Structure formats: structure tokens, C-alpha cells
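Data first, discussion second: the structure below is written as C-alpha cells.
Every chain is numbered from 1 and lettered A, B, ... according to where its sequence line falls, protein lines coming before strand lines. Every value quoted in this text rests on a predicted model; they were computed, and no experiment measured them.
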2 protein chains.
Amino acid sequence: MISNATRSLSVTDHLRESILSGGLPAGTKLQEVRLSEELGVSRTPIRAALQSLAAAGLLDYVPNRGYVVREFPMSELVDAYEIRGSLEGLAARFAAERGLDDTQRTVIEQSLAAGHDLVTRSTTMNDHILRIVGQTNAAFHDTIMEASLNRLLSQMAQMSFQIPRVSNRNIIAFSLDELRQRHSEHYLIYEALLARSATKAETLMRNHVASVKFAAVRALRETR
Amino acid sequence: MISNATRSLSVTDHLRESILSGGLPAGTKLQEVRLSEELGVSRTPIRAALQSLAAAGLLDYVPNRGYVVREFPMSELVDAYEIRGSLEGLAARFAAERGLDDTQRTVIEQSLAAGHDLVTRSTTMNDHILRIVGQTNAAFHDTIMEASLNRLLSQMAQMSFQIPRVSNRNIIAFSLDELRQRHSEHYLIYEALLARSATKAETLMRNHVASVKFAAVRALRETR
DNA sequence: TCAATTAATTTTGTATACATTTTAAAATTG
DNA sequence: CAATTTTAAAATGTATACAAAATTAATTGA
């Protein structure tokens, strides 16, 4: 189990991971004594974790009845990308308005450099590439979200990812050509941010996420 | 204290209300024993409430250090209306795509009728009007959010309101003229929903919330 | 005097016992 | 036998005792 400052946090991470990975499918009832025996802790940290995951929207809770892994209809998974597009678009706008600090610029430039390397050197698409791309892509998007200086927005963006089957941020393209396209979009967004062109940054980011949506939804439909 | 199925939920509601109303200002440390004595319950429901409010973004939590009412900079309060505009715009789009059921149409039509009454009969702006307007306005927006059939979106919209000083949904206009404008916007949005014009509904809703933002931000700046 | 260390206190984290509610099973009744 | 009621079991909610960490106060030593 993930090691953390408190057992409650460890249990929370563990259960979240189980839900997002599909190990605990929708409809699964999470019972306190059962979990406490399985995970070797008392009911107290279990309850804390369940409450936290319910607040995060992953569990349904009915007083005196307990917690159930909630259902995520396919429509909501697809919607999640629309929502993410709006939120990340806003983040890009705010980041452009407020500017990037040195660290943020560095992180983004490293992410772009890594992306450039991958895109120019690769000859065929494979899982390894997708994994690396997922990392650099996440760094790019997370940094812009951070630069928006808005915790509410960051929290919402976080939520739009913590959904089963959507939480895999690796799939943003299928072919190398698509990947090159995504990379050039990143580059244009970064330019807009540096130029402090708020509206442009927002539009570019929104369209970028819409492009990612194509690949992600295709992956969603294929895996089931 | 608010009566609920469990003490935990009552405490949660009570503390949330205290934070949103400003009774517990930013930076206030919420200590378990102190609260349990004040509210006459054990630490258990107190802890449950604190965890829940932290997950909702109202409290900052540091393991082994406890919970503190988080700071909401003015910029985030203003941003909240931008976020709300995007989210409600999406909700309007989804609602138009998916259609309204009979109950939802009825609720919205009643809200529009009440709004029409108020707008045509009133001669001067006052608190009573604002209160009624707040209610009918909330019914209108909540119903569209519900019709979006997206729980994640609803949850996020909920979050964009549960912010101190933003949580007062009554102020959407200052003059009667502005109020008439808001009302006509509602009417146009409803028309777009009935016509299943998704893009139109989204744009109208986004602009509508932007208009509300003017009044709300003016109120924000005035009250401090 | 003051910095560092130690000790005491306070606060949060966890386990557990008990209370209450829900759910399942058993018994009763028509 | 089916439907209802009663009873038993199991699950969640709450209180409390203890453990561990953090904070504060006291002590020590240069």
C-alpha cells in the first residue's frame, strides 16, 4: 500500500487507485469491517478514506447505508473532456493574464524539448512513447494549471481526471502524425502564454483538448 | 444546529454555513476538542465534518497539524464567475442536446413566470425583490444543471458557489432595468433549450453569467 | 543572555467499545 | 403458502481511551 503521513491517507490513495484502475467496479459496496480486515487497519482510517472519496465524487454515500462505487456512464466520460477543455482553456487564459514565473517557464520548456526529441526521433508508435508523452504532456498541462493561480480551478481539473478510464492521461494521440500535431499545439499555446495573449491562449488550449478528446474517446470505445 | 440524518452531516452543514457567512474567517484554525465542546458532540463527527470540508476545498489540511479555513483571494472570487460561466454554458449545451423532461420544463416555466411577474409589477429595487429573484434564478439555473445529466458538472458548479461571499446567489442585478435584462436572457436561453440549439444555448448562458458577474463583482467590491 | 535540549502539554491519529440503524433471517398469522 | 411481524445478525454512527506527533514550556549549559 502507498506509504503516507497517516494511515487514512494511505487507505484513501489505495482505494482511489483501486477504483480508477477498475479493480473496484461501479456498484461495489465498500464495507468498513471488510476493508479494515483486508487492509489491516481499524475502521477509523477506513471511514476517513470513504468520506474523502465520497466528497471527491468517486463514491455514492447514503447515511446509515454506506458507500458504493459510483456509476460513470460513457456519456460522462466523454463529457469529462469537454469539461476539461473549458477548465484548461480558462487556466490558459488566466496564466496568460498573470504570466509564468521562471520555474514554470523552465518546466514547460523542458517538456517541449522532451516532446520535440520524441517526435523527431521516433519512427513508430508504441507504448513506451505513449508513456513518455503522457509524462511530458502532464507536466505541460499541470504547470499551466498551476500558473492560473486559482486553486478552485486546479481542484476541478483534478476532478475531471479522477474518473475511471479517463484517469489514464497517456493517450493523447494514436499515430505519430497526430502526436506531432499535439506537440505543435503545445508549442503554439506556449507562445501565446509568453505573448500574454489571453484569448488566444484560451482558444488554442480549448481546441487542443478537443483534439486530445478524439484520441481519448476512440481509446475509450475500443477498450470496451 | 441544522438537523440531519447523522451528527456528522449536521456538523458539516453548520461549519460550512459558518465559513460561507464569514463567521469563521480565513486563517481560523479549527481544533477538534474545542469544536466538540462548543457543539456538544464527540470528536468523531467533528473529524468527519472537517475531512469533508477539506475535500470540498473550504479548509486547508496538513497531516498531524489540523485544519484551517482557507484563504480566498479576491481574484479567485472574481474568477469563480468565469468558471461558473464556462460550467453553466456547458450545462446549457448538454441540456439542449439531451432535452428537458416535463418536470424540468414546468419548473423553468414557473421560474420564468415568477420572474416576469416581479419584473413587470415592481417599481423600485429592494431587498425583498432581490431575495425572490435569487430564488427563481436559482431554480432556473439548478434545473438546467440537472438537465445536463452530468454529476461531475453539477458537483463543480456546486463548488463554484460554495465560496465565501460568492455563495450569496441573490445579487444578479442592481437596477430594475438590469433585472429586466437578466430576465429576458433567461427567456432566450429557455427558447434555445426548447429548440435544442446546443451552441446557441451555451453562448447565451455564458454571456448571461458574464452579465451577472458585473453585478456580483460590483457587490463584492462594495462590501469590502 | 541565549541557544540548544529536554520535558510537559496539547493536538491529531488510531483502535475499540458501545449505540443506533439497517438488513437478513426466523417465526407467526391469516 | 404468502404476507406480516418479530427477532437476530450485521453494518454504520458515536464516544472514548490510548498512541503518536507537534507545540509549548522549562531546563540546561556555554
Practice problem: Between B:Val33 and A:Leu9, name the one whose nearest nucleotide on DNA chain C is closer to the 5' end. | Solution: B:Val33
Exercise. Say whether, by atom type as modelled, one donor and one acceptor occur between the side chain of A:Arg70 and the main chain of A:Ala26 under 3.5 angstrom.
Key: no
Self-check item: salt_bridge(B:Glu32, B:Arg47) N-O dist < 4.0 Å
Solution: yes
Practice problem: Using a 4.0 Å heavy-atom cut-off across all strands, classify A:Leu30 as base, sugar-phosphate, or nothing. | Solution: sugar-phosphate
Quiz item: A:Asn4 CG to C:dT14 C1': how many Å, rounded?
Solution: 16 Å
Quiz item: Is A:Arg47 touching bases, backbone alone, or none of the nucleic acid, heavy atoms closer than 4.0 Å?
Solution: base
Quiz item: Given B:Asp79, which of A:Arg98, A:Arg151, A:Arg93 fulfils the salt bridge (Lys or Arg N to Asp or Glu O under 4.0 Å) condition?
Solution: A:Arg98
Quiz item: Using a cut-off of 4.0 Å on non-hydrogen atoms, how would the nucleic acid contact of B:Thr6 be classed: base, sugar-phosphate, or nothing?
Solution: sugar-phosphate
Exercise. Would you kindly compare B:Arg65 and A:Gln31 by the position of their nearest DNA chain D nucleotide and give the one closer to the 5′ end?
Key: A:Gln31
Practice problem: Would you mind classifying the nucleic acid contact of A:Tyr61 as base, sugar-phosphate or nothing, using non-hydrogen atoms under 4.0 angstrom? | Solution: sugar-phosphate
Quiz item: Does anyone know the first and last nucleotide of DNA chain D in reach of chain B, 5' to 3', at under 4.0 angstrom to a heavy atom?
Solution: D:dG13 to D:dT23
Quiz item: Per the atom types in the model, does the base of C:dG13 pair as donor or acceptor with the side chain of B:Arg43 at under 3.5 Å?
Solution: yes
Exercise. Just compare C:dA17, C:dT21, C:dT14 and give me whichever is closest to any side-chain atom of A:Asn64.
Key: C:dT21
Quiz item: Is it true that the side chains of B:Tyr61 and B:Gln51 contain a donor and an acceptor less than 3.5 Å apart?
Solution: no
Quiz prompt | Short side-chain donor-acceptor distance under 3.5 Å, B:Arg206 and B:Ser86 | solution = yes
Quiz item: How about B:His208 and B:His183: are their ring centroids closer than 6.0 Å?
Solution: no
